[in-house]
2 protein chains.
Amino acid sequence: MASGISLKELAAELKLAPSTVSRALNDSYEISEATKKKVISMAEKLNYHANPFARSLRENKSKTIAVIIPERINSFFAQVMDGIEEVAQEHGYHLLIYNTHEDLEREMKIVNLLLNGRADAIAMSVTSQTKDSSHLQKLHNRGLPIIFFDRVSPEIPTTKFITNDYESTFEGTKHLIQQGCKKIAFLTLGKDLSISKERQRGFQDAITSEGWELQPSMIVQCCHEEETNVKLIEELLLSPNRPDGILSSVEKLAFATYHAVKRTDLRIPYDLKLISFSNASTASLLNPALTTITQPALTIGYECAKLLIKKLTKPNHYDLIDQVITIPSKITIRESTCQD
Amino acid sequence: MASGISLKELAAELKLAPSTVSRALNDSYEISEATKKKVISMAEKLNYHANPFARSLRENKSKTIAVIIPERINSFFAQVMDGIEEVAQEHGYHLLIYNTHEDLEREMKIVNLLLNGRADAIAMSVTSQTKDSSHLQKLHNRGLPIIFFDRVSPEIPTTKFITNDYESTFEGTKHLIQQGCKKIAFLTLGKDLSISKERQRGFQDAITSEGWELQPSMIVQCCHEEETNVKLIEELLLSPNRPDGILSSVEKLAFATYHAVKRTDLRIPYDLKLISFSNASTASLLNPALTTITQPALTIGYECAKLLIKKLTKPNHYDLIDQVITIPSKITIRESTCQD
DNA sequence: CATAATTTCGAAATCGTTTCCGCATTTTAT
DNA sequence: ATAAAATGCGGAAACGATTTCGAAATTATG
């Protein structure tokens with residue numbers, strides 16, 4: 001219905017063969033400058049636009065990259081997408097974007113959808129539930145270039161971008177300790193996630209490096225349901241041996257903590273200090289301003305896209321080798337961990 | 001490279017004609033149950049996946065909807081996208097997403113990219129600079145179903161979804177007045193935008209309905225550059241006839257206001273009351289909590305997608321008629337406009 | 001049993017590109 | 001002057017699916 005003129009029709013109009021017109025439009029050396037000009041100007045005049053599907057079919061590539069994220073309302077993922085899009089657009093690539101909503105079922109469905117070659121490559125961050133990776137393995141086996149960021153799948157031998165999860169969490173915890181915290185809780189989402197494990201390890205090592213004993217009740221498994229999390233954290237804060245510091249490994253758990261605190265008569269930072277992984281630009285506007293561990297989201301997006309495109313444009317000269325590339329986060333200290 | 005088995009190969013394996021296999025997989029009535037079963041099980045066994053481009057080429061449709069937004073780090077647009085994706089996924093549609101970064105040049109490039117039929121339909125919100133609509137007209141002329149949300153282009157005769165911009169702003173302004181404000185400023189982005197005009201009209205009518213005179217200096221034209229906006233607002237707040245109330249028509253201008261206020265010794269809500277259009281879930285966590293006009297973002301997303309898909313699945317029985325559908329916003333009063 | 005009707009399937013065209021191969025014609029080399 | 005090479009273009013196949021048309025096989029009907 002919305003179809004315009006085809007190459008064949010354009011060729012007929014020019015009294016040339018379709019092959020000639022195709023070559024002219026693709027600036028082939030076999031075509032004289034004179035015909036090229038004629039073809040191009042006629043193409044513009046008739047408003048010719050090459051059918052992308054015919055081209056994709058013929059060339060076996062779609063000029064499309066799929067991006068799969070677990071959550072859209074999340075400043076980190078939003079920034080990564082902006083980064084990916086920037087580089088992709090530069091190279092003429094389009095972006096198919098899928099939100100799994102932290103739901104493994106949906107992730108599997110989406111991944112299966114991509115098995116048919118609709119996208120030339122994939123950049124993704126898995127859900128917090130993703131433990132088994134057989135669905136991802138299928139993608140990889142099919143030869144589809146795939147790259148992970150932040151929430152990586154360790155079993156797939158490809159390039160992964162993460163931040164220095166262990167070190168940032170270690171430092172973040174140390175910061176809480178320096179600020180006088182004696183009992184610190186760690187909020188986390190999926191315990192199967194590799195970054196969760198690393199962050200937890202950083203947290204634990206910081207605790208034990210003080211000669212303190214690690215209390216299991218201070219490792220709090222949260223879910224993706226906001227209200228449930230708020231209640232969970234509220235209970236934690238009302239318990240007899242409540243923490244005086246919290247390190248949240250996920251942005252939204254920090255927000256949940258704010259909400260939970262509001263329900264108690266505790267005050268941040270006096271009764272509770274809070275630090276969290278977050279890329280929210282509003283961190284400094286919160287009440288009180290949130291001390292954050294900020295990931296280099298935009299850079300991660302750039303690098304993911306760059307590598308994927310490198311692989312797509314030089315498939316034989318470059319491979320997405322099995323490596324983890326770490327780009328450090330930055331801690332920004334604000335009021336939520338500092339009482340003047 | 002990543003190509004799997006083709007229909008023809010599958011047919012060969014089954015000793016059937018490609019046409020038969022195609023029909024079997026599409027559950028055609030002309031094929032016996034016996035062969036259908038055989039075909040389907042063999043397809044699964046050989047991991048057959050129909051090539052989407054061959055299908056798109058043949059059927060002249062891509063099962064893809066393009067979404068164009070001016071900004072990704074914006075809770076409103078993020079929620080709209082979630083809404084669109086939800087409905088689209090239900091109907092087997094994929095989403096191509098483009099961020100124009102409030103840049104008209106980019107918007108035009110992206111729109112031109114979509115002229116070739118890569119997407120079956122478009123849902124978009126224009127940039128704050130978009131005044132001329134000839135590039136959008138081209139899309140529409142091509143017969144591509146297009147729908148606008150929030151930032152609409154009035155000249156394109158199609159369905160548009162907005163909120164009750166005039167009324168919400170009117171009420172928001174009245175609320176400031178009720179809270180004791182005597183001089184109110186209005187922060188806006190593009191003055192050519194239809195929603196900006198409507199919101200500004202609501203603001204002005206609320207002012208004049210009090211018998212007050214409208215002061216031109218209280219209409220503040222902002223840009224998309226954060227730091228510039230902060231300075232602009234700071235100057236406003238330091239000027240001799242500074243406002244004691246601000247209505248921000250855009251979420252990020254509210255954030256800019258918070259930052260600007262921090263640079264002065266004014267305090268919200270005592271010296272300045274603030275209300276803003278915003279869908280940020282963190283509005284209640286800000287310092288002080290922000291009074292918001294919240295748009296029904298998710299619903300807008302749902303409705304956009306529903307209508308587009310209705311048009312795509314029943315092209316002859318339904319048209320995207322030239323109408324503006326209004327879904328009301330909700331005002332949530334918080335501390336930024338209330339001193340106890 | 002012969003014929004008609006119905007089921008079930010195959011051959012081939014088609015969508016719009018790109019590209020391999022081939023054929024003139026012109027230019028350059030011998 | 002003739003052979004060789006370069007230039008410029010056309011014809012047709014190919015990518016992988018769907019679909020129209022038609023034919024064979026099966027079943028029903030008289």
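Every heavy atom of this structure was used, including side-chain atoms; hydrogens, water molecules and symmetry mates were not. Here the structure is a predicted model, which is why all the values come from computation and not from measurement. Naming: A, B, ... by sequence-line order, numbering from 1 per chain.
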Output the single nucleotide from [options] whose closest atom is nearest the side chain of [X].
X: Glu59(A); options: dT18(D), dG16(C), dT19(C); answer: dT19(C)
X: Ala17(B); options: dC9(D), dC9(C), dG10(C); answer: dG10(C)
X: Ala54(A); options: dC9(D), dT17(C), dT18(C); answer: dT17(C)
X: Leu7(A); options: dT18(C), dC9(D), dT14(C); answer: dT18(C)

Note: Glu155(B)-Lys160(B) ion pair, threshold 4.0 Å (strictly below)
no
Quick check: on DNA chain C, is the nucleotide nearest Glu30(B) upstream (toward 5') of the one nearest Arg58(B), or the reverse? Name the residue that is more 5'.
Glu30(B)
Sugar-phosphate, base or nothing in reach of [X], heavy atoms under 4.0 Å:
X: Ser32(B); value: sugar-phosphate
X: Leu57(A); value: base
X: Ser6(B); value: sugar-phosphate

Could you check how far [atom1] of [X] sits from [atom2] of [N], rounded to whole Å?
X: Arg23(A); N: dT19(C); atom1: CZ; atom2: C1'; answer: 7 Å
X: Asn60(B); N: dT17(C); atom1: CG; atom2: P; answer: 11 Å
X: Leu25(B); N: dT19(D); atom1: CG; atom2: C1'; answer: 15 Å
X: Tyr29(A); N: dT19(C); atom1: OH; atom2: P; answer: 12 Å
X: Lys8(A); N: dA13(C); atom1: NZ; atom2: P; answer: 13 Å
X: Asn116(B); N: dG16(C); atom1: CG; atom2: P; answer: 13 Å
X: Asn26(A); N: dT17(C); atom1: CG; atom2: P; answer: 11 Å
X: Ile31(B); N: dT18(D); atom1: CD1; atom2: P; answer: 12 Å

Would you please test Lys131(B) and Glu107(B) for salt bridge (Lys or Arg N to Asp or Glu O under 4.0 Å) and show each step?
CA-CA 12 Å; Lys131(B) 194 175 179 177; Glu107(B) 180 176 283; over 6 Å; no
From Met124(B) atom CE to Leu136(B) atom CG, the distance as rounded to the nearest 0.5 Å
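Those atoms lie 5.0 Å apart.
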Rounded to the nearest 0.5 Å, how far apart are CD1 of Ile68(B) and CZ of Arg106(B)?
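Between atom CD1 of Ile68(B) and atom CZ of Arg106(B) there are 12.5 Å.
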Can you sort out which residues in residues 35-53 of chain A have a heavy atom within less than 4.0 Å of DNA chain C? Ascending by number, please.
Tyr48(A), His49(A), Ala50(A), Asn51(A)
Hydrogens and angles aside, do [X] and [Y] bring a side-chain donor and acceptor to less than 3.5 Å of each other?
X: Ser134(B); Y: Asp132(B); value: yes
X: Ser62(A); Y: Asp120(A); value: yes
X: Thr130(A); Y: Thr127(A); value: yes

Axis deviation across the helix from dC1(C)-dG30(D) to dT30(C)-dA1(D), five-pair ends, to the nearest 10°:
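Answer rounded to 10°: the end axes differ by 50°.
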Any donor-acceptor pair under 3.5 Å linking the side chain of Arg151(B) with the backbone of Ser125(B)?
no
Does Thr100(B) offer a backbone N or O that forms a donor-acceptor pair with the side chain of Lys109(B) under 3.5 Å?
no
Using a cut-off of less than 4.0 Å, is there contact between a side-chain N or O of Ser19(B) and OP1 or OP2 of dC9(C)?
no
Provide the full list of salt bridge (charged side-chain N to carboxylate O under 4.0 Å, His left out) pairs with a residue in residues 65-77 of chain B, sequence neighbours left out, each pair given once.
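Sorted pair list: Asp82(A)-Arg72(B), Glu85(A)-Arg72(B), Glu71(B)-Lys252(B).
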Should the side chain of Arg55(B) and the base of dT18(D) be counted as holding a donor-acceptor pair, with the cut-off at 3.5 Å?
no
